[in-house]
Amino acid sequence: GWLFYKPGCDDMLARAHPAPDTTNDAVAAIVAWRDALAARGIHLLVVPAPNKESVYPDQLTSRMAAGQGVMSPVTRDLLDRLKSAKVECVDLFALFAEARSAEAKSPAAPLYLKQDSHWSPAGVDLAAKAVARRLIELGWAKPGTVEYREQAAPVERLGDVLRMLQSAHIERASVPERVPCVQVIRADTGQPCRDHAEAGILVLGDSFLRIYEQDEPGSAGFLSHLAKELKQPLTSLVNDGGASTLVRQQLHRRPDLLDGKKVLVWEFVERDIRLGTEGWQKVPLPSGKQAITRDRKSVV
């Protein structure tokens, strides 16, 4: 009953990757952006989201033992080079591999959906806690004062791998997967967790941030669970399939999103290291002139 996204499988088996001096080098683009953000007093935390294939290769072939995670040479190279460049990252690969190893002793909910290319609510929870913990360890964020509570919000959905087949017959013959989502609610207002434009943390990413958050049931994805762990609202910018370059181009056109920001968390799925839309262009930060002009007016 497990389905996989072919580009993710292709990525796992890839042997070639761009040479470090090419214009499509992920590390060069990430380091350049880290430095530009640092010049503006903004910290960068990079969070590559593992391909489903890297976490569950044993569902693809009997030659892999359960819990024996696989990453492509491209991914290993990226993580090693980011570490050498002193770019702060959260290693979800090691974390998810640990969780899978623990499954042998105590069965747990899968970290990814069976019909879909994205993580499950269990994967969301694990990732959000890891990112919050790292931000606090680094001293880049302190726990806020906003209290959140959780409420069960299960949904039934056909996975994106099924829907991408574009076969009405297959969809009719398929049973939707029951997904035990957990919605995040503000304790003070009783309202679902939402973005806050004046938050000090901006999160950029792709559909791994969109699922459960903008999709049904809403406020149950990575963003809301990260806000809950940090006890403070966040700001986000999400571009499906475009976290390598497109989401940064969007940010360039929206300079207001960087106003007052101290931390930027950047999530992108593993396969985009090689297959990201528009590659890995060096995108400049939006000009800070608007903010400077506004400050001068307020002083006058």
Side-chain angles (χ1 to χ4, degrees), residues 1-14 48-72 74-75 92-93 96 99-100 103 107-127 152-183 205-223 238-244 246-247 267-278:
W2 284 73
L3 301 176
F4 291 86
Y5 184 43
K6 188 175 183 297
C9 298
D10 293 342
D11 181 59
M12 183 174 70
L13 300 173
N51 290 337
K52 178 180 176 180
E53 296 75 20
S54 289
V55 182
Y56 287 95
D58 51 300
Q59 296 291 350
L60 278 167
T61 172
S62 59
R63 284 177 285 183
M64 291 297 301
Q68 185 182 342
V70 166
M71 290 186 292
S72 73
V74 179
T75 304
L92 294 181
F93 297 89
F96 283 14
R100 286 232 55 205
E103 285 179 16
L111 299 172
Y112 283 71
L113 299 175
K114 291 184 177 182
Q115 300 178 352
D116 202 283
S117 63
H118 297 94
W119 48 26
S120 68
V124 165
D125 182 63
L126 204 57
V155 297
E156 292 190 350
R157 65 194 305 276
L158 284 177
D160 63 347
V161 180
L162 270 173
R163 288 183 281 106
M164 283 187 282
L165 292 171
Q166 297 184 338
S167 167
H169 176 73
I170 291 175
E171 287 191 21
R172 283 195 301 268
S174 301
V175 177
E177 188 170 358
R178 184 171 175 79
V179 185
C181 294
V182 178
Q183 202 170 38
D206 50 32
S207 55
F208 275 68
L209 303 190
R210 182 255 303 155
I211 192 169
Y212 318 126
E213 193 72 33
Q214 298 169 4
D215 295 349
E216 192 181 12
S219 302
F222 174 86
L223 296 167
V238 177
N239 185 298
D240 268 27
S244 60
L246 295 182
V247 76
E267 173 275 326
F268 53 84
V269 68
E270 179 186 3
R271 59 181 174 268
D272 277 0
I273 298 167
R274 289 182 60 250
L275 307 173
T277 307
E278 302 295 329

Which atom names give the shortest non-hydrogen contact between [X] and [Y], and what distance separates them?
{"X": "A127", "Y": "W119", "value": "CB-CZ3, 3.6 Å"}
{"X": "G159", "Y": "Q115", "value": "N-OE1, 3.1 Å"}
{"X": "G221", "Y": "V124", "value": "C-CG1, 3.6 Å"}
{"X": "S72", "Y": "M12", "value": "CB-O, 3.5 Å"}
{"X": "G241", "Y": "D272", "value": "O-OD2, 3.9 Å"}
{"X": "E267", "Y": "V269", "value": "OE2-N, 3.5 Å"}

For a 4.5 angstrom cut-off between non-hydrogen side-chain atoms, does [X] reach [Y]?
{"X": "S54", "Y": "F96", "value": "no"}
{"X": "D215", "Y": "R157", "value": "yes"}
{"X": "P121", "Y": "V179", "value": "yes"}
{"X": "V182", "Y": "D125", "value": "no"}

Q.
By the definition side chain to side chain contact (heavy atoms under 4.5 Å, CB included), identify the one residue from V55, L92, L275, N51 that meets it with E270.
A.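 The single option meeting the side chain to side chain contact (heavy atoms under 4.5 Å, CB included) with E270 is N51.
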Any chance you could measure [X], atom [atom1], to [Y], atom [atom2], to the nearest 0.5 Å?
{"X": "K6", "Y": "R271", "atom1": "NZ", "atom2": "CZ", "result": "13.0 Å"}
{"X": "R274", "Y": "D10", "atom1": "CZ", "atom2": "CG", "result": "7.5 Å"}
{"X": "Q59", "Y": "E53", "atom1": "CD", "atom2": "CD", "result": "11.5 Å"}
{"X": "L223", "Y": "R210", "atom1": "CG", "atom2": "CZ", "result": "12.0 Å"}
{"X": "H118", "Y": "F222", "atom1": "NE2", "atom2": "CZ", "result": "13.5 Å"}
{"X": "S174", "Y": "L165", "atom1": "OG", "atom2": "CG", "result": "8.5 Å"}

Check: Would you find more than 12 non-hydrogen atoms of other residues, nucleotides or ligands less than 6.0 Å from E156 atom CD?
Finding: yes
Go through it in stages, so that I can follow the logic: the residues are N239 and T277, the test is side chain to side chain contact (heavy atoms under 4.5 Å, CB included), and I'd like the CA-CA distance, side-chain angles, deciding distance and then a yes or no. CA-CA 10 Å; N239 185 298; T277 307; over 6 Å; no
*Begin from the C-alpha positions of Y56 and M64 and carry the test side chain to side chain contact (heavy atoms under 4.5 Å, CB included) through to its verdict.*
CA-CA 9 Å; Y56 287 95; M64 291 297 301; over 6 Å; no
How far apart are the C-alpha atoms of L162 and I170, what are their side-chain angles, what is the distance that settles it, and do they pass the side chain to side chain contact (heavy atoms under 4.5 Å, CB included) test?
CA-CA 8 Å; L162 270 173; I170 291 175; 3.6 Å; yes
Pair I273, F268 - check side chain to side chain contact (heavy atoms under 4.5 Å, CB included), show working. CA-CA 8 Å; I273 298 167; F268 53 84; 4.1 Å; yes
| Do K52 and F4 meet the cation-pi criteria used here (NZ or CZ under 6.0 Å from the six-membered ring centre, within 45° of the axis)? | yes
**OP:** In sequence, state the C-alpha distance, the side-chain angles, and the governing distance for D160 and S117, and then conclude on side-chain hydrogen bond (donor to acceptor under 3.5 Å, both in side chains).
**Re:** CA-CA 7 Å; D160 63 347; S117 63; 2.7 Å; yes
